[in-house]
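For reference, the structure is listed below as structure tokens.
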Amino acid sequence: MADREGVMNAGRRDLIRLGAGLGVAAALPGAARAQDFAGRTIEWIIPMSVGGGSDTWARFHLPFLNRHMAGNPTIVVRNITGGGGINGTNQFAARARPDGLTILGTTASIQFPFLLGDPRVRYDYANWVPVLASPTGGVLYIRPEVGVRGPGDIAKLRATTGLKFGSQGPTSLDMVPALAFELLGIDVQVVMGMQGRGQGRLAFERGETPIDYQTSSAYISQVMPLVREGKAVPLCSWGSLNDAGELVRDSNFPDLPHFAEFLQAATGRAPSGPAWEAWKALFVAGFGAQKFVVLPKSTPANLVNAYKEAFRKTIADAEYREKRGPVIGEYNETVGEPADRAYAAATTMAPEVRQWTRDWLQRRFNHTLGRE
């Protein structure tokens with residue numbers, strides 16, 4: 001276990017140095033031939049609801065993957081909801097065959113339960129191989145009638161009653177905003193049971209949850225129109241990691257402070273303490289290397305390499321680079337060794353941070369891992 005922690009911690013250090021920039025029925029020997037996937041249908045499992053950040057991200061990539069995949073197969077996205085993403089991921093782990101015809105899009109909401117040792121998890125990241133790694137960002141926003149415009153309004157925000165936030169579950173990516181609320185000292189009722197961030201956004205639009213966040217892809221496509229219409233007020237982005245591993249402003253939202261800036265301006269002191277260390281660790285796993293496309297580890301190398309080559313061509317595609325900003329944000333996705341390092345970093349957690357976070361879940365939500 002100590003050796004594994006050492007290797008994985010090295011992977012985390014590599015990712016921090018890198019920063020934000022970060023089917024066939026039977027396998028054939030040698031390089032995958034173009035006709036191998038011709039006429040085949042590939043199922044892309046997204047264990048989250050339609051309309052959320054993961055769904056938006058997958059559907060944006062889909063036509064480019066189809067364009068560059070050997071044989072131009074049909075690729076369909078299949079959404080499997082429930083358990084904050086655990087249900088669909090468990091199904092992939094149990095049923096996906098190593099034939100290249102089923103891939104999984106992971107996200108932090110399924111990485112977090114794995115990191116924390118949630119017994120509902122029936123999957124192991126060690127059993128998969130990544131073919132694409134994708135960082136992202138996120139933005140925290142609030143309804144205009146609350147009357148809060150920035151960190152200078154923190155006293156008003158703390159005095160506001162009835163704040164609610166729609167969450168997918170206590171061990172989902174929504175741990176990042178929940179810890180942010182605690183660090184800011186604001187009283188927010190975290191309402192569990194949302195089937196995805198898309199459902200959380202709809203609750204916000206109906207006025208049921210006055211404070212919300214979305215990952216960059218959904219924020220850009222679904223929330224920025226609300227901001228322009230005066231129906232939402234952005235407070236801060238979560239930020240990005242630069243090449244030195246420092247938290248900096250997200251280049252997609254340069255006018256917004258990153259969370260550490262917002263927190264320091266609101267509290268008058270530099271962030272510190274165990275809650276801050278937990279927030280940082282979850283930010284790395286949840287945003288610095290948030291999403292992956294994976295195949296079963298036993299998938300033959302020629303098929304894995306076919307996917308890597310298709311995604312390598314996708315992220316170099318001029319049309320992809322032109323269109324990605326308004327849909328998923330300007331984040332540099334990676335393939336090959338950089339993706340492998342990101343994968344190692346995003347799927348490990350320091351033991352002391354893991355224990356503090358487990359204790360916090362019990363204290364804050366009366367949540368014992370394995371029970372919704």
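Note that these values count all heavy atoms, side chains included, but never hydrogens, waters or copies made by symmetry. We're numbering straight along the sequence, starting at 1.
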(message) If hydrophobic clusters are built by linking Ile, Leu, Val, Met, Phe, Trp and Tyr wherever their side-chain heavy atoms come under 4.5 Å apart, do Val50 and Ile86 end up in the same one?
(response) no

(request) Give, for atom CD of Gln199 and atom CD of Gln168, the distance between the pair rounded to the nearest 0.5 Å. (result) 9.0 Å

(message) Tell me if a side-chain donor or acceptor on Arg321 pairs with a main-chain N or O of Ala316 at a distance below 3.5 Å.
(response) no

(request) Look at the side chain of Gln214 and the backbone N and O of Gly138, then say whether any donor-acceptor pair between them is shorter than 3.5 Å. (result) no

(message) Under 4.5 Å between side-chain heavy atoms, counting indirect links through other Ile/Leu/Val/Met/Phe/Trp/Tyr residues: same cluster for Leu116 and Trp276 or not?
(response) yes

(request) Evaluate the criterion side chain to side chain contact (heavy atoms under 4.5 Å, CB included) for residue pair Thr41 and Leu101; output intermediate values, then yes/no. (result) CA-CA 7 Å; Thr41 296; Leu101 297 180; over 6 Å; no

(request) Would you check if the side chain of Tyr343 reaches a backbone N or O of Pro338 as a donor-acceptor pair within less than 3.5 Å? (result) no

(message) Restricting to non-hydrogen atoms, name the atom on Asn90 and the atom on Arg122 that form the minimum distance, rounded to 0.1 Å.
(response) OD1-N, 2.8 Å

(message) Using the ring centroid of each side chain, check whether Trp279 and Phe259 are separated by less than 6.0 Å.
(response) yes

(message) Would you say that more than 12 heavy atoms from the other residues, nucleotides or ligands in this model lie under 6.0 Å from the CZ of Arg206, or not?
(response) yes

(request) Please find out if less than 6.0 Å separates the ring center of Trp128 from that of Phe292. (result) no

(request) Indicate, with yes or no, if the rings of Phe114 and Tyr125 have centres closer together than 6.0 Å. (result) yes

(message) Students often mix this up, so state it plainly: with edges at 30° and 60°, are the rings of Trp44 and Trp57 parallel, tilted or perpendicular?
(response) perpendicular

(message) Could you check whether any side-chain N or O of Asn66 sits under 3.5 Å from a backbone N or O of Ile75, counting only pairs where one atom can act as donor and the other as acceptor?
(response) no

(message) Between Met175 and Thr357, is there a side-chain heavy-atom distance shorter than 4.5 Å?
(response) yes

(message) Can you confirm whether more than 12 heavy atoms, excluding those of Arg269, are under 6.0 Å from its CZ atom?
(response) no

(request) For the residue pair Thr106 and Val294, establish whether any side-chain heavy-atom pair is separated by less than 4.5 Å. (result) yes

(request) Please answer: with hydrophobic residues joined when any side-chain heavy atoms are less than 4.5 Å apart, are Ile80 and Ile110 in the same cluster? (result) yes

(message) Regarding Lys291 and Ser54, do their side chains bring together a donor and an acceptor under 3.5 Å, going by distance alone?
(response) yes

(request) Establish, from distance only, whether the side-chain atoms of Gln355 and Asp359 form a donor-acceptor pair under 3.5 Å. (result) yes

(message) Can you confirm whether Ser240 sits close enough to His258 that some side-chain heavy atom of one is under 4.5 Å from a side-chain heavy atom of the other?
(response) no

(message) Just verifying a value: how many Å separate Glu43 CD and Ile46 CD1, rounded to the nearest 0.5 Å?
(response) 11.0 Å

(request) Could you tell me whether a side-chain N or O of Thr299 sits under 3.5 Å from a main-chain N or O of Leu295, the two making a donor and an acceptor? (result) no

(request) Please report the shortest heavy-atom distance between Val146 and Pro210, naming the atom on each side. (result) CG2-CB, 4.2 Å

(request) Of all the heavy-atom pairs spanning Pro98 and Pro300, show the shortest one and how long it is. (result) O-CD, 3.2 Å

(message) To the closest 0.5 Å, what do you measure between OG1 (Thr209) and CG (Leu163)?
(response) 10.5 Å

(message) side chain to side chain contact (heavy atoms under 4.5 Å, CB included), that's the test. Do Val131 and Val304 meet it? Break it down for me.
(response) CA-CA 7 Å; Val131 292; Val304 172; 4.0 Å; yes

(request) Just do the side chain to side chain donor-acceptor pair (under 3.5 Å) check on Gln362 and Asn366 with the steps written out, would you? (result) CA-CA 4 Å; Gln362 179 65 45; Asn366 192 29; 2.8 Å; yes

(request) Look at the side-chain heavy atoms of Ile, Leu, Val, Met, Phe, Trp and Tyr, link any pair under 4.5 Å apart, and say whether Phe287 and Phe165 land in one connected group. (result) yes

(message) Check the orientation of Phe204 and Tyr141. Use parallel for under 30°, tilted for 30 to 60°, and perpendicular for over 60°.
(response) perpendicular

(message) Can you tell me how far apart CG (Leu62) and OG1 (Thr314) are? Round to the nearest 0.5 Å.
(response) 10.0 Å

(request) Examine distances only and state if a side-chain atom of Asn252 and a backbone atom of Glu330 form a donor-acceptor pair shorter than 3.5 Å. (result) yes

(message) Measuring from atom OG1 of Thr267 to atom CZ of Phe262, what distance do you get when rounded to the nearest 0.5 angstrom?
(response) 10.5 Å

(request) For Phe283 and Leu247, run side chain to side chain contact (heavy atoms under 4.5 Å, CB included): C-alpha distance rounded to whole Å, both residues' side-chain angles, the deciding distance at 0.1 Å, then the answer. (result) CA-CA 10 Å; Phe283 169 79; Leu247 187 62; 3.7 Å; yes

(message) I'd like to know if Arg59 and Asp55 make a salt bridge, using a cut-off of under 4.0 Å between side-chain N and carboxylate O.
(response) yes

(request) Verify the distance criterion only: is there a donor paired with an acceptor across the side chains of Glu309 and His68 at less than 3.5 Å? (result) no

(request) Could you check if a side-chain atom of His61 sits within less than 4.5 angstrom of a side-chain atom of Glu333, using non-hydrogen atoms only? (result) yes

(message) I'd like to know whether Phe112 forms a side chain to side chain contact (heavy atoms under 4.5 Å, CB included) with Leu115, so could you lay out the CA-CA distance, the side-chain angles of the two residues, the decisive distance to 0.1 Å, and finally the verdict.
(response) CA-CA 5 Å; Phe112 287 0; Leu115 289 172; 4.2 Å; yes

(request) Please report the shortest heavy-atom distance between Gly53 and Thr215, naming the atom on each side. (result) CA-OG1, 3.5 Å

(message) Quick one, Met192 and Ser167 - any side-chain contact, counting heavy atoms below 4.5 Å?
(response) yes

(message) Does this structure show an ion pair linking Lys164 with Glu208, if we count only N-O contacts that are shorter than 4.0 Å?
(response) no

(request) Check the hydrophobic clustering (I, L, V, M, F, W, Y; side-chain heavy atoms under 4.5 Å; chains of links allowed) and say if Val227 and Ile220 are grouped together. (result) yes

(request) Look at the side chain of Arg197 and the backbone N and O of Tyr213, then say whether any donor-acceptor pair between them is shorter than 3.5 Å. (result) yes

(message) Can you confirm whether or not the ring centre of Tyr219 sits under 6.0 Å from the ring centre of Phe253?
(response) yes

(message) Looking at every non-hydrogen atom in both residues, tell me the closest pair between Thr56 and Ser221 and how far apart they are.
(response) CG2-OG, 4.3 Å

(request) Report yes if some heavy atom in the side chain of Thr89 is under 4.5 Å from a heavy atom in the side chain of Leu104; otherwise report no. (result) yes

(request) Answer yes or no: does atom CD of Glu229 have more than 12 heavy-atom neighbours from other residues, nucleotides or ligands under 6.0 Å? (result) yes

(message) Using a strict threshold of under 4.0 Å (side-chain N to carboxylate O), is an ion pair present between Arg158 and Asp187?
(response) no

(request) Given ring pair (Phe, Tyr, Trp, His ring centres under 6.0 Å), test Phe64 with Phe311 step by step and report yes or no. (result) CA-CA 8 Å; Phe64 297 101; Phe311 277 117; over 10 Å; no

(request) Answer with yes or no whether the side chains of Tyr331 and Ser216 bring together a donor and an acceptor at under 3.5 Å. (result) yes

(message) Check whether Trp356 forms a cation-pi arrangement with Arg363 (NZ or CZ under 6.0 Å from the six-membered ring centre, at most 45° off the ring normal).
(response) yes

(request) Starting at CG of Leu132, measure out to OG1 of Thr334 and round the result to the nearest 0.5 Å. (result) 7.0 Å

(request) Write down the atom of Arg201, the atom of Asp212, and the distance for their closest heavy-atom approach. (result) CA-OD2, 3.7 Å

(message) Is any side-chain heavy atom of Val190 closer than 4.5 Å to one of Asp174?
(response) no

(request) Would you indicate whether the side-chain heavy atoms of Gln290 and Leu173 approach each other to under 4.5 Å? (result) yes

